[in-house]
There are 2 protein chains.
Amino acid sequence: MKNRTKPSASELVILKALWKLAPQSAREIHNAVEEKLEWSYSSTRKTLERMNEKHLLSVSEVHGIRVFHPAVNKVKTLARYIKDFTQSVLEVDGQIPVSMFADSKLLNEDELAQLEKTLQQKDES
Amino acid sequence: MKNRTKPSASELVILKALWKLAPQSAREIHNAVEEKLEWSYSSTRKTLERMNEKHLLSVSEVHGIRVFHPAVNKVKTLARYIKDFTQSVLEVDGQIPVSMFADSKLLNEDELAQLEKTLQQKDES
DNA sequence: GTAACTATGCGACAAGTGTCGCATGTGCGT
DNA sequence: ACGCACATGCGACACTTGTCGCATAGTTAC
């Protein structure tokens, strides 16, 4: 079974930090997203906790402290957002040109290729 | 002062119905969005009520029944969504090619042109 | 005028999210 | 042994959104 619910915007910020570098401790993640979210450390931690409950990430211990790993795939997650957006906001049904994301700072060529493939597919479970 | 908060996905569905044809009564709107949202009439009405409170739409009376008008601009609203999405999900900062929306069933040429202009602008209040 | 429909106004409840704070535990420096 | 700085575990509160239901008032068909 796949996750049904899209991560929220804030959760996405955190996921992005982890996709860039993982695992990271709560403190490290907090420092990484502090500027975007402007949250207190408590808020970051609570969100992390909830994301864990939702299996958006997983936890392990290193030297006695908990570190977080992303538990959802980057390209798939982004693809979910993109499909969602194009359908529900733009109401474009046909192909989504990948050229659209070429400027994105998030994706390297490999990932762009994967994304293209993923966007082509119908909805799988 | 402009609206600060983006309409939610469901609110957008309702707004789209109204952009297509306005004004409409609660009942008419409900019929129009029923398929998308699968809500009971009560839910539609409540949402309408809340959208009114938020000034996403306005109300007037015709023959004793209340009808709703959209109170936010279609192109501006869509542009908000697009900017938001490209920045927060895709992290594309530069220009957004309008070609992206050419396939959209939502916009005619005029609107596409306006959209292009709007996307070019920096954030105004 | 009476019953059957609607339209409206409201109240409610639950889940998800943003946003913290407090209390407890534990390793480290002196 | 003591106190400090963190890490963790939890509880809480407010707001938004989804989702209805109920009660009252007006309108219309017998």
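Chain naming here is simple, since letters A, B, ... match the order of the sequence lines and numbering starts at 1 in each. Because the structure is a prediction, the values reported are computed rather than measured.
With rounding to whole Å, B:Glu61 atom CD is found 7 Å from C:dT8 atom P. Residue A:Leu48 contributes atom CG, which lies 11 Å from atom P of D:dG9 at whole-angstrom precision. Straight-line distance from the CG atom of A:Asn52 to the P atom of D:dC10: 13 Å, rounded to whole Å. Here D:dG11 presents its C1' atom at 13 Å from CD of A:Glu53, a figure rounded to the nearest Å. Atom pair B:Glu49:CD and D:dT16:C1' shows a separation of 14 Å (rounding to whole Å applied). Between the P atom of D:dA5 and the OH atom of A:Tyr41 lies a distance of 16 Å, rounded to the nearest Å. Straight-line distance from the CG atom of B:Leu56 to the C1' atom of D:dT16: 13 Å, rounded to whole Å.
Without hydrogens or angle criteria, B:Gln24 side chain to B:Ala17 main chain gives a donor-acceptor distance under 3.5 Å. A side-chain donor-acceptor contact under 3.5 Å links B:Glu111 to the backbone of B:Asn108. Side-chain atoms of A:Arg80 come within 3.5 Å of backbone atoms of A:Thr5 as a donor-acceptor pair (strictly under, hydrogens ignored). Checked by atom type and distance alone, the side chain of A:Glu91 never pairs as donor or acceptor with a backbone atom of A:Ser88 at under 3.5 Å. In terms of modelled atom types and a separation under 3.5 Å, the side chain of B:Trp19 and the main chain of B:Val72 share a donor-acceptor contact.
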Open item on the list: Each nucleotide in nucleotides 18-29 of chain D should get exactly one letter: B, S or -. Can you fill that in based on protein heavy atoms under 4.0 Å?
Closed with: BBBB--------

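DNA chain D is contacted by A:Arg27 of residues 24-36 of chain A, taking any non-hydrogen atom closer than 4.0 Å.
Taking the six-membered ring for Trp and thresholds of 30 and 60 degrees, A:Phe85 and B:Phe85 have nearly parallel ring planes, at less than 30 degrees apart.
For B:Lys6 and D:dT16, the shortest distance from a side-chain N or O to OP1 or OP2 is not below 4.0 Å.
With sequence neighbours excluded, the residues that form a side chain to side chain contact (heavy atoms under 4.5 Å, CB included) with B:Ser8 are B:Ser10, B:Glu11.
Electrostatic pairing of A:Lys46 and A:Glu49 counts as a salt bridge here, judged by a charged N lying under 4.0 Å from a carboxylate O.
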Task: Verdict with supporting geometry, B:Ser40 and B:Ser43, side chain to side chain donor-acceptor pair (under 3.5 Å) - done: CA-CA 5 Å; B:Ser40 73; B:Ser43 301; 3.3 Å; yes

